[in-house]
Novice: 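One structure, pasted below without further comment.
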Amino acid sequence: MKLKFEVLKKESQTQARLGKIIYNNQEYQTPMFMPVGTQGTVKTLSPEELKAVNSGIILANTYHLWLRPGDETVKAAGGLHKFMNYDGPILTDSGGFQVFSLAKPKDISEEGVIFKNQLNGDKLLLTPEKSIAIQENLGSDIIMSFDECPPASASHEYLKQSVLRTIRWAKRGKDAFTGKNALLFGIVQGGAYADLRKLSALETVKLNFDGYSIGGVANDHESKEDMYKAFAYSTKYLPEDKLRYAMGIGEPIDIIEGVIRGVDIFDCVSPTRLARHGHALTKYGKINLKNAKYKQDFTPVDDTCDCYACQNYTKAYIKHLINSEETFGARLLSIHNIRFLTKLTEDIRLAIQEDKLLEFKDEFLQNYYGVKNEK
RNA sequence: GCGAAGUUGGUGAAGUGGUUAACACACUAGAUUGUGGCUCUAGCAUGCGUGGGUUCGAUUCCCACACUUCGCC
């Protein structure tokens, strides 16, 4: 079934929107944070645990599932939902980010991108058409166009050529898309340049996608200022009635600033990756449970949190698990960190409802970056 | 009691008559934004068993003592 989206309310002080997604007879609200499950699993969490932290859409990755187990296998299983036993909406990345992170410039051509299969060394060609076909085989609900994601530090000229190529690729992908059961998103690129974001957004919107992504952000150590410009310059030209998705964004402050600039959905590996490295997001900032000061701290990770980890376990115990490389530690912290971000978006939605998003931001920042939690 | 070998940071250990005692693990702290869980960065012995001697200079050479391990009574 196709996912439906509608905007319920616009906030009075900012560009923020409160929205609703209907999927599989379930209702979800935006702004939303989406955990990443690259290989058909949000690392260490079961689908039941995802539901328990009030997670909605999750991500999966075309490139990884294409290589293993193969999209044909997932299709034979009845699609990714059945394969991984998850009945919520699934969004798939197109492999575009892997163009950025894995391919060398010489491997990128008009036809597509040549990858070396990291598992066995095979040479593989991923094209816009192929990417869409794989995503349809996977049974994705929200499909991404295959884009080129250049570093933020790239020159204006390079970024312009990249934007134009991404638009040509978007058109090819749209033509290949069957449109049966999924939404197809176009991707806006253009770094932090107002003219390029405008060009990219307007030309992509002309192709009439079901939603729009903002790509090329949070890479290459760009400044936050540039990231926020990229948000604003992109959403300015996007239709009001379609979902807007900031790709790869997940620091709490970046989510808030994105919402303020009209972004609806965000994804990020950070809650689960930070968890595996022993870090926890808390109301009073990010803490590192590897730090010696938590050795005998028998209080919860965040005493304002309602998650399974905070309700049942202490910092000292989770620290011990992390130090001992026990996977249960990573699981507890992943549950907590994802819950922290889904709770953040719940609070953001409430603030939009009350037209108090800027006040909420100030209060959040005061707690998160202000007086450090020393106890 | 006699003989042999050996004593370097939390651990395993390298090393040299002369500025900053290698490396690894552990530990301490930091990084991580469309995920390899990989990883990366930085810190970590003012001192080389104790005392004395030789020397311009000793962790390194010599002597004594202490301790450890092994062998023999």
Side-chain angles (χ1 to χ4, degrees), chain A residues 33-45 57-65 67-68 90-102 117-119 131 135 140 142-152 166 185-189 211-224 226-228 230-231 244-258 263 265-281 285-295 319 321-331 333-334 337-338 341:
Chain A
F33 173 77
M34 311 181 287
V36 177
T38 302
Q39 317 219 49
T41 170
V42 175
K43 293 183 191 297
T44 76
L45 295 205
I57 305 174
I58 61 169
L59 255 74
N61 196 289
T62 294
Y63 174 77
H64 297 260
L65 294 173
L67 299 189
R68 185 171 57 192
I90 295 176
L91 180 155
T92 43
D93 187 19
S94 63
F97 185 71
Q98 279 65 43
V99 177
F100 164 67
S101 62
L102 300 174
N117 182 335
Q118 338 172 47
L119 302 176
S131 174
Q135 293 180 74
S140 173
I142 302 179
I143 290 176
M144 290 300 119
S145 295
F146 186 64
D147 67 325
E148 184 188 357
C149 179
T166 290
F185 278 32
I187 301 179
V188 179
Q189 290 285 351
Y212 297 90
S213 307
I214 299 167
V217 283
N219 65 41
D220 203 41
H221 308 292
E222 69 183 336
S223 69
K224 291 210 179 286
D226 280 353
M227 184 196 299
Y228 304 154
F231 292 155
R244 292 107 170 246
Y245 161 36
M247 309 182 86
I249 297 304
E251 281 188 19
I253 178 60
D254 297 338
I255 290 175
I256 295 171
E257 296 290 355
V263 179
I265 57 178
F266 304 82
D267 81 285
C268 193
V269 303
S270 87
T272 45
R273 179 183 288 164
L274 287 173
R276 273 178 262 117
H277 292 171
H279 294 76
L281 303 171
K286 189 175 78 176
I287 66 173
N288 184 357
L289 285 173
K290 287 184 175 176
N291 288 358
K293 63 182 169 182
Y294 300 117
K295 189 168 174 62
K319 171 182 172 53
L321 294 177
I322 293 290
N323 283 359
S324 308
E325 296 178 6
E326 288 289 346
T327 55
F328 190 45
R331 185 165 145 217
L333 283 182
S334 292
N337 284 343
I338 292 173
L341 292 177

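So that the names make sense, note that chain A is the first sequence line, chain B the second, and so on, each numbered from 1.
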Novice: Using the closest heavy atom to pick a nucleotide of RNA chain B for each, name whichever of Glu148(A) or Ala292(A) lands nearer the 5' end.
Specialist: Ala292(A)
Novice: Taking the same atom, P, in A29(B) and in C61(B), what whole-Å distance lies between them?
Specialist: 40 Å
Novice: Counting heavy atoms not belonging to Lys224(A), are there more than 12 under 6.0 Å from its NZ?
Specialist: yes
Novice: Spell out yes or no: do the side chain of Lys286(A) and the base of U32(B) have one donor N/O and one acceptor N/O closer than 3.5 Å?
Specialist: no
Novice: How close do Phe33(A) and Ile249(A) get, counting heavy atoms only, and between which atoms?
Specialist: CE1-O, 4.2 Å
Novice: For Asn291(A), answer base if it contacts any base atom (sugar-phosphate contacts may also be present), sugar-phosphate if it contacts only those atoms, and nothing otherwise; contact means non-hydrogen atoms under 4.0 Å.
Specialist: sugar-phosphate
Novice: Round to the nearest Å and state the distance from Met34(A) atom CE to G34(B) atom P.
Specialist: 11 Å
Novice: Within the 4.0 Å heavy-atom criterion, would you say Lys295(A) contacts the bases, only the backbone, or no part of the nucleic acid?
Specialist: nothing
Novice: So among Leu65(A), Leu59(A), Asn61(A), which one has a side-chain contact (heavy atoms from CB on, under 4.5 Å) with Thr38(A)?
Specialist: Asn61(A)
Novice: Given atom CD1 of Ile338(A) and atom C1' of U33(B), what is their separation to the nearest angstrom?
Specialist: 14 Å
Novice: Looking at G30(B), I'd like to know if its phosphate oxygens (OP1 or OP2) sit under 4.0 Å from a side-chain N or O belonging to Asn288(A).
Specialist: yes
Novice: If I pick the C1' atom on C25(B) and the same atom on G18(B), what distance separates them, to the nearest angstrom?
Specialist: 32 Å
Novice: We want to know whether Tyr63(A) and Asp93(A) form a side-chain donor-acceptor pair, criterion being a heavy-atom distance below 3.5 angstrom.
Specialist: no
Novice: Under 4.0 angstrom, heavy atoms only, what part of the nucleic acid is His279(A) near: base, sugar-phosphate, or nothing?
Specialist: base
Novice: Quick one about Tyr228(A) and Asp254(A) (side-chain donor to acceptor, distance below 3.5 Å, no hydrogens or angles considered), yes or no?
Specialist: yes
Novice: State which residues pass salt bridge (charged side-chain N to carboxylate O under 4.0 Å, His left out) with Arg276(A); sequence neighbours excluded, sorted by chain then number.
Specialist: none
Novice: Lys290(A) has an atom NZ; how far is it from atom C1' of A29(B), in whole Å?
Specialist: 11 Å
Novice: Taking atom C1' in both C23(B) and A14(B), what distance in whole Å separates the two?
Specialist: 7 Å
Novice: Please give the distance between the C1' atoms of G17(B) and G57(B) as a whole number of Å.
Specialist: 8 Å
Novice: Any base atoms under 4.0 Å from Gln189(A), or only sugar-phosphate, or nothing? Heavy atoms, all strands.
Specialist: base
Novice: Could you tell me whether Leu91(A) contacts a base, only the sugar-phosphate backbone, or nothing, with contacts defined as non-hydrogen atoms closer than 4.0 Å?
Specialist: nothing
Novice: Rounding to the closest angstrom, what is the interatomic distance between C63(B) and U20(B) at atom C1'?
Specialist: 32 Å
Novice: Could you tell me whether Asn61(A) contacts a base, only the sugar-phosphate backbone, or nothing, with contacts defined as non-hydrogen atoms closer than 4.0 Å?
Specialist: sugar-phosphate
Novice: What's the CZ-C1' distance between Arg273(A) and U33(B), to the nearest Å?
Specialist: 8 Å
Novice: At their closest point, which heavy atom of Thr44(A) faces which heavy atom of Arg331(A), and how far apart are they?
Specialist: O-CD, 3.2 Å
Novice: Rounded to whole angstrom units, what separation is found between the CD atom of Gln135(A) and the C1' atom of G34(B)?
Specialist: 11 Å
Novice: Just the rounded figure in Å: distance from P of A29(B) to OH of Tyr294(A).
Specialist: 10 Å
Novice: In whole Å, I'd like the distance from the CD1 atom of Ile322(A) to the C1' atom of U28(B).
Specialist: 17 Å
Novice: How far, in whole Å, is G47(B) from U7(B) if one measures between their C1' atoms?
Specialist: 15 Å
Novice: Which atom pair, heavy atoms only, marks the closest approach of Asn288(A) to His277(A)?
Specialist: OD1-O, 4.3 Å
Novice: G30(B) phosphate, OP1 or OP2: any side-chain N/O from His277(A) under 4.0 angstrom?
Specialist: no
Novice: Between U33(B), G36(B), G34(B), which nucleotide has the shortest distance from any of its atoms to the side chain of Ser270(A)?
Specialist: U33(B)
Novice: Calculate the interatomic distance between Arg276(A) atom CZ and C40(B) atom C1'; express it in whole Å.
Specialist: 16 Å
Novice: Check whether the side chains of Thr166(A) and Gln189(A) place a donor and an acceptor atom closer than 3.5 Å, and report yes or no.
Specialist: no
Novice: Rounding to the closest angstrom, what is the interatomic distance between G12(B) and G34(B) at atom C1'?
Specialist: 44 Å
Novice: Look at all strands and tell whether Gln39(A) reaches a base, only sugar-phosphate, or nothing, counting heavy atoms closer than 4.0 Å.
Specialist: nothing
Novice: Using the C1' atom in both, what is the distance from C48(B) to U16(B), to the nearest Å?
Specialist: 12 Å
Novice: Starting at the 5' end of RNA chain B, write a dot or bracket for each base, bracketing those in Watson-Crick or G-U wobble pairs whose two distances are under 3.5 Å and using | for partners on another strand.
Specialist: (((((((..(((.....[....))).(((((.......))))).....(((((..]....)))))))))))).
Novice: Counting the atoms with a prime plus P, OP1 and OP2 as sugar-phosphate, which does Gly216(A) contact under 4.0 Å by heavy atoms, base, sugar-phosphate, or nothing?
Specialist: base
